[in-house]
Amino acid sequence: MELDNTPKLTTLLKPYDPKETEARIYKAWEESGFFNPDVCIEKGVTASDAKPFTIIMPPPNVTGVLHMGHAMMLTLEDIMIRYHRMRGDRTLWIPGTDHAAIATQSKVEGIIKKEEDKSRHDLGREEFLKRVETFAQASHDSIASQIRVMGSSCDWSREAFTLDETRTKAVRTMFKKMYNDGLIYRGHRIVNWDPKGQTTIADDEIVYEERKAKLYTFKYSKDFPISISTTRPETKIGDVAVAVHPDDERYSAFVGKEYDVVFCGVPIHIKVIADQSVEKEFGTGALGVTPAHSIIDWEIADRHNLPRPQVINEYAKMTVGDERLLGKKTTVARDVVVAWLKQEGLLEKEEEVNQNISTAERTGGIIEPLPKLQWFVDVNKPFTIADSQIKGIESGSQVTLKEIMTKTVAGGQVAIIPDHFSKTYFHWIENLRDWCISRQIWYGHRIPVWYKGDETYTGVEAPTGNGWVQDADTLDTWFSSALWTFSTLSWPEKTKDFEIYHPTDVLETGYEILFFWVARMILMTGYALGTVPFHTVYLHGTVRDAQGRKMSKSLGNGIDPIDVADKFGADAGRMALIIGNTPGTDSRISEDKIKGYKNFANKLWNITRFVLSSIDESVIDTKPTINENDKSLLAEMSLLETEMTKDIEEYRFYMAGEKVYQYVWHRFADVILESSKEIMKNGTTEEKHSRQRILYEILKRNLVLLHPFMPFVTEEIWALLPKEQGDRALLMIERWPTQ
RNA sequence: GCGCGGUUAGCUCAGUUGGUAGAGCGUCCCCUUGACGUGGGGAAGGCCAGGGGUUCGAAUCCCUUAUCGCGCACCA
């Protein structure tokens with residue numbers, strides 16, 4: 001490696017300017033090829049038998065631009081990656097983006113609506129998809145450049161997209177495998193229907209909003225013996241039973257009896273049944289069972305083998321009744337039914353209650369539970385796992401997807417940081433139902449199933465022959481995300497990458513997608529590969545504004561990480577995001593905090609100026625004797641290195657960052673540099689040389705320690721520093737101190 | 001309803017296995033003009049939410065109360 005021992009003091013005369021520096025440095029890194037572990041091995045930076053360290057980047061949605069949460073994610077991951085690369089590990093960080101089906105589609109629909117006043121149906125499937133792809137591409141390009149601005153040292157040669165060719169193959173292969181194992185099934189079941197988005201959504205895409213509602217208590221008819229309560233009288237047209245608790249003596253005489261009534265002009269048949277799920281104390285203690293329009297009631301119907309008449313359609317309109325009801329919106333129909341109840345003298349009580357109403361996360365539409373023919377992943381069905389490396393699950397044994405999710409975490413094969421999220425995780429699994437994976441949207445992985453008459457074909461490629469029609473639905477975006485750790489490594493191809501880098505080491509992501517994503521990756525990996533997708537899950541919190549509010553467009557309180565990089569430098573933004581931020585805890589960020597770390601970058605710059613202007617070149621070429629006092633300063637430095645290494649290994653990045661900050665500013669600059677001034681003035685030649693040598697050494701060693709946190713300024717200073725034998729040209733591949 | 005967190009200096013937060021509390025910012029005083037004013041030195045400020053317990057010793061472990069936040073479920 002070439003050594004350039006000319007201190008570039010002219011550069012150093014100016015204050016540190018991150019804006020001028022950062023883009024240039026990133027380009028140099030990228031051109032060096034060292035983001036790619038193959039190049040590191042090829043060039044002798046990494047041993048060919050070095051142990052791998054892998055992170056697959058959680059792919060940002062191609063819905064626009066990066067926000068502070070992404071910046072935090074990228075920083076945390078880059079710290080780990082740079083640290084491991086400097087340690088000599090075979091370090092791989094794969095970047096990528098997510099097509100984010102519903103989110104991207106609704107974004108583009110919104111734009112087209114606004115600009116052209118057209119819907120996706122006006123454009124047609126093919127034309128609409130073209131528009132989405134154009135949008136996604138532009139969005140991808142800005143995201144990719146923003147990831148670079150943050151200084152992320154990821155391997156762009158392996159970049160992936162959840163909807164590209166390789167990932168499509170993985171998705172289809174997985175679908176077919178699960179279908180063949182009977183874990184994916186098509187069924188007519190009650191689902192969460194979003195009338196606004198015209199699609200099904202998964203249970204965890206529901207957001208509950210508290211609203212005031214009226215609870216009506218009434219009887220179906222004058223002769224009906226039991227009163228029931230509901231907030232949705234219009235659904236009662238779909239009732240088939242009244243359920244009471246088996247121990248409820250008030251109603252035991254009626255259990256088993258059946259009644260025919262005409263309810264608001266519609267004849268209905270009601271059976272009185274006893275079911276454990278009914279609460280005696282709630283309302284009248286009797287529940288009108290509407291199987292087609294309530295998830296709980298659907299399950300009651302399962303237990304009692306009841307019919308499930310549908311009375312509401314996909315547009316939230318009534319499908320039965322006379323002219324008063326037919327075709328009316330549910331909200332209108334509700335008033336009609338209530339008026340009828342009053343008129344007939346059946347309404348006994350009308351009270352105001354607070355209720356949690358289910359809305360769709362993406363569109364805000366009020367969820368209408370409906371029975372529909374959809375695709376599901378069965379989480380409770382046992383299947384034979386061919387080859388299992390999961391503790392407590394033997395190869396060839398019968399196991400369910402739920403068991404896989406539980407045992408990998410319970411057995412410690414996947415460690416969650418902070419640990420208390422494991423409890424939340426288990427709690428979620430206990431309540432997990434079958435996962436509805438089909439969506440009635442256009443953008444995404446189309447379900448790889450084809451129909452011809454009564455025939456059904458499932459496969460990676462379309463079937464040959466005429467007359468086959470592909471299923472119109474697409475897959476839940478989390479289906480493809482769930483394969484991310486191994487689809488990015490070219491699964492189902494058995495590549496070298498896959499062999500070397502999977503399972504990955506760390507998944508670093510926000511706690512809010514523990515269920516959406518983390519759990520499903522564990523599910524898919526356990527199922528398809530019999531192993532875990534990663535050994536450690538590091539969950540970061542939400543980045544909030546200075547007042548602790550979530551950053552949002554409507555509030556206008558967002559801080560754009562790119563603006564931050566522009567104004568203060570990416571290094572400053574990185575430090576501000578990391579320091580004082582513990583895993584799983586929300587953090588606040590403000591310009592003041594970021595500014596503080598810009599000052600720190602400048603401080604480091606000026607330390608360098610002082611050191612370089614204080615030392616003779618002789619202390620670099622010929623190592624002078626270090627006196628006892630200065631030796632103790634080096635020992636202090638070693639201690640810092642040991643502590644920081646331990647902190648990073650144990651995922652305490654906030655502490656590692658703070659320690660080196662404290663040391664550089666308040667020990668190295670405030671004490672050691674200050675005391676050096678006196679030595680340079682009045683010390684003996686030996687004292688001067690000893691001190692000069694350790695100033696040089698301490699500075700270099702601090703640059704190494706700081707590099708994962710503030711890669712740009714440290715790399716820039718490194719380039720300006722005279723080198724000695726063994727120093728590497730780029731700081732990013734300099735060796736981390738061995739412990 | 002079930003579960004999980006938080007409650008520490010004016011503000012934002014640390015405090016790794018229990019050993020009489022720390023940082024950043026802010027405030028006040030002082031210093032300094034060839035590394036840096038994006039600087040240096042110093043100071044004030046906390047019965048670590050309340051109560052109880054374990055211990056030689058508790059911010060740290062256990063119980064309990066209050067309060068804030070979050071997740072899940074349900075509200076028929």
Side-chain angles (χ1 to χ4, degrees), chain A residues 9 12-13 15-16 203-204 206 208 210 213 215-217 228-233 235-236 239 242-244 275 277-279 281-290 293-297 300 353-358 418-433 511-512 514-515 541-542 544 546-548 568 572 575-576 579-582 584-593 595-614 643 646-647 650-652 654-655 657-659 661-662 665-666 669-671 673-674 676-677 695 699:
Chain A
L9 282 168
L12 274 163
L13 286 177
Y16 177 61
D203 290 343
D204 33 25
I206 291 176
Y208 292 99
E210 191 172 294
L215 182 67
Y216 303 94
T217 302
I228 56 161
S229 302
T230 184
T231 52
R232 299 198 58 189
T235 64
K236 298 292 103 183
D239 280 14
V242 164
V244 298
D275 194 279
S277 69
V278 180
E279 277 182 47
E281 286 72 29
F282 191 92
T284 62
L287 161 67
V289 181
T290 324
H293 301 288
S294 155
I295 290 168
I296 297 296
D297 294 5
I300 293 174
V353 292
N354 287 325
Q355 77 165 358
N356 283 332
I357 195 152
S358 334
D419 179 55
H420 71 256
F421 274 101
S422 307
K423 287 179 194 164
T424 317
Y425 174 87
F426 293 132
H427 190 242
W428 176 80
I429 294 174
E430 279 169 31
N431 291 309
L432 187 63
R433 301 168 201 242
Y511 62 74
E512 73 279 1
L514 179 61
F515 309 137
T542 308
R544 296 167 178 275
Q547 282 92 54
F568 305 102
M575 285 294 268
I579 291 187
N581 178 24
T582 46
T585 308
D586 292 354
S587 59
R588 301 184 184 199
I589 192 120
S590 61
E591 288 216 343
D592 280 348
K593 188 174 181 188
K595 209 168 159 187
Y597 293 104
K598 181 189 161 78
N599 295 349
F600 178 60
N602 191 57
K603 185 78 182 178
L604 191 66
W605 188 257
N606 284 299
I607 288 169
T608 308
R609 287 176 61 180
F610 177 84
V611 170
L612 287 184
S613 61
S614 306
E643 286 182 7
K646 192 162 183 276
D647 287 335
E650 292 168 14
Y651 304 96
R652 290 187 298 270
Y654 59 98
M655 192 167 279
E658 190 164 333
K659 274 180 187 160
Y661 172 93
Q662 282 298 320
W665 200 314
H666 300 299
D670 289 352
V671 179
L673 255 58
E674 289 303 326
S676 300
K677 289 175 183 172
L695 286 180
L699 174 59

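As the structure is a prediction and not an experimental result, all values here were calculated from the model.
At least one side-chain heavy atom of A:Ile228 sits under 4.5 Å from a side-chain heavy atom of A:Val242. Counting only heavy atoms from C-beta outward, the side chains of A:Thr424 and A:Phe515 approach each other to under 4.5 Å. Looking at A:Leu287 and A:Ile300, their side chains come closer than 4.5 Å, going by heavy atoms from C-beta outward. Contact check for A:Ile357 versus A:Tyr208: no side-chain heavy atoms found under the 4.5 Å cut-off. The closest side-chain heavy-atom distance from A:Ile589 to A:Arg544 is not below 4.5 Å.
Comparing B:U38, B:G15, B:A35 by their nearest atom to the side chain of A:Arg609 picks out B:A35. Proximity note for A:Asp670 (side chain, C-beta onward) versus B:G41, B:A35, B:G15: the nearest is B:G41. Listed candidates were B:U38, B:C74, B:U12. Nearest to the side chain of A:Arg433 is B:C74. Of all nucleotides listed (B:C74, B:G24, B:C72), B:C74 comes nearest to the side chain of A:Tyr208. The side chain of A:Tyr654 has B:A14 as its nearest neighbour among B:A35, B:G71, B:A14. Taking only side-chain atoms of A:Arg588, from C-beta outward, the nucleotide of B:C13, B:A35, B:C75 with the closest atom is B:C13.
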Subject >> Chi angles and distances behind the salt bridge (charged side-chain N to carboxylate O under 4.0 Å, His left out) call for A:Lys236, A:Asp239 >> reply: CA-CA 5 Å; A:Lys236 298 292 103 183; A:Asp239 280 14; 3.2 Å; yes
Atom pairs, protein N/O to nucleotides 3-6 of chain B N/O, distance under 3.5 Å:
none

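Nucleotides B:G24 and B:U60 have their P atoms positioned 25 Å apart, rounded to a whole Å. For B:C25 and B:G45, the C1' atoms lie 15 Å apart once the distance is rounded to whole Å. With C1' as the reference atom, B:C48 and B:A43 are 22 Å apart, rounded to whole Å. B:G50 and B:U67: their C1' atoms are spaced 11 Å apart (whole Å). Using C1' as the reference atom, B:A44 and B:U27 are 9 Å apart when rounded to the nearest Å. Comparing B:G19 with B:A59, their P atoms sit 10 Å apart, to the nearest whole Å. Across the C1' atoms, B:G1 and B:A49 are found 26 Å apart, a figure rounded to whole Å.
Using the six-membered ring where Trp is involved, A:Tyr16 and A:Trp605 have ring planes that are tilted, between 30° and 60° apart. Using a 30° and 60° split on the angle between ring planes, A:His666 and A:Tyr661 fall in the perpendicular class, above 60°.
When rounded to the nearest whole Å, the span between CZ of A:Phe610 and C1' of B:G40 equals 14 Å. Here B:A73 presents its C1' atom at 6 Å from CG of A:Asn431, a figure rounded to the nearest Å. The interatomic distance linking A:Leu514 (CG) with B:C72 (P) rounds to 11 Å, in whole Å.
In this structure, A:Lys593 contributes its side chain and A:Ala576 its backbone to a donor-acceptor pair below 3.5 Å.
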Subject >> Watson-Crick or G-U pairs under 3.5 Å in RNA chain B, rendered as dot-bracket with [ ] for crossing pairs and | for another strand >> reply: (((((((..((((.....[..)))).(((((.......))))).....(((((..]....))))))))))))....
